[in-house]
Amino acid sequence: MNAVVSHTRKFSIGAINATYEVYVKPLVDECLKDNSITSIKVMLGHSLDLIQQLQDNMLDMVFSAVPLKRVGYACDVYDVDRVALVCAKGKNEYPSGITKAQLSKLPYLMCDLTLSEAGVFIRSLFPKNHVFRLDVDNTSKLFPYLENGLGYSFLPYKLVKDKIEDGALEEVALKDFTAPKVTTYLIYRQSYDVKRFLENKFDMITEE
């Protein structure tokens, strides 16, 4: 009963795995810091599943890789990032850059970007029905395999930026092609005051 009374600000957020660490976790951390009245529920999953939960009133907002165009809902571009081809530090076999033809022969570790333009592009680099060395639907699960030198993968740059700077991963330059951008959309009901969460506008409670 005390918990119900004290949490006067409640938020339910849906996010795909690739956006959680970069965009959602910093917002959640800021909202919970020095704040005893906020309760946050985070659901991680695929864009289409999360959008359906939003429409079923199970979520307040969704960070998605695909947009929603439907009356009654707002769909804002939250951020645009590039994708980077990365591998373990010191395991880059193409230090001067890789061509599109060479890339199709890599031991490639596939992650779930398939519903985005970037995902379609990455699949197009390989033959039809290509069997990847690893195919996983959670980007964060690729890191141990990449860091152990077991392959290469395209990932959102902001997701791997710290690991590149720390020396765990390195980026492979692209020679005769460029990769598309990755867009993150913030989707919510038009009647929902999303700024209250994004701008951390909360009434603070001081402990007696």
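The analysis underlying the following values was restricted to heavy atoms, covering all of them including side chains, and did not include hydrogens, waters or symmetry mates.
- Nearest approach of Lys91 to Gly149, heavy atoms of both residues: CG-CA, 4.0 Å.
- Between Phe63 and Tyr20, the distance separating the two ring centers is not shorter than 6.0 angstrom.
- Looking at heavy atoms from C-beta onward, Tyr157 lies in side-chain contact with Ile164 at the 4.5 angstrom threshold.
- Under the 3.5 Å distance criterion, with hydrogens and angles disregarded, no donor-acceptor pair is assigned to the side chains of Asp76 and Tyr185.
- A cation-pi arrangement, defined by a distance under 6.0 Å to the six-membered ring centre and an angle within 45 degrees of its axis, is present between Lys163 and Phe143.
- Asp81 contributes no side-chain N or O that, together with a main-chain N or O of Val182, makes up a donor-acceptor pair within less than 3.5 Å.
- Nearest heavy-atom pair across Cys111 and Leu155 is SG-CD2, 3.6 Å.
- A donor-acceptor contact shorter than 3.5 Å is absent between the side chain of Ser153 and the backbone of Met110.
- In this structure, a donor-acceptor pair under 3.5 Å is absent between the side chains of Gln53 and Asp49.
- Rounding to the nearest 0.5 Å places CD1 of Ile13 at 14.0 Å from OH of Tyr188.
- Closest non-hydrogen pair, Thr99 versus Asp176, comes out as CA-OD1, 3.3 Å.
- Among residues at least two apart or in separate chains, salt bridge (charged side-chain N to carboxylate O under 4.0 Å, His left out) pairs with a member in residues 13-28 are Lys25-Asp29.
- In this structure, Ser64 and Ile51 approach most closely via the heavy-atom pair OG-CD1, 3.8 Å.
- Side-chain atoms of Tyr73 and Tyr192, non-hydrogen and from C-beta on, never get closer than 4.5 Å to each other.
- Between the side chain of Arg189 and the main chain of Leu54, a donor-acceptor pair closer than 3.5 Å is present.
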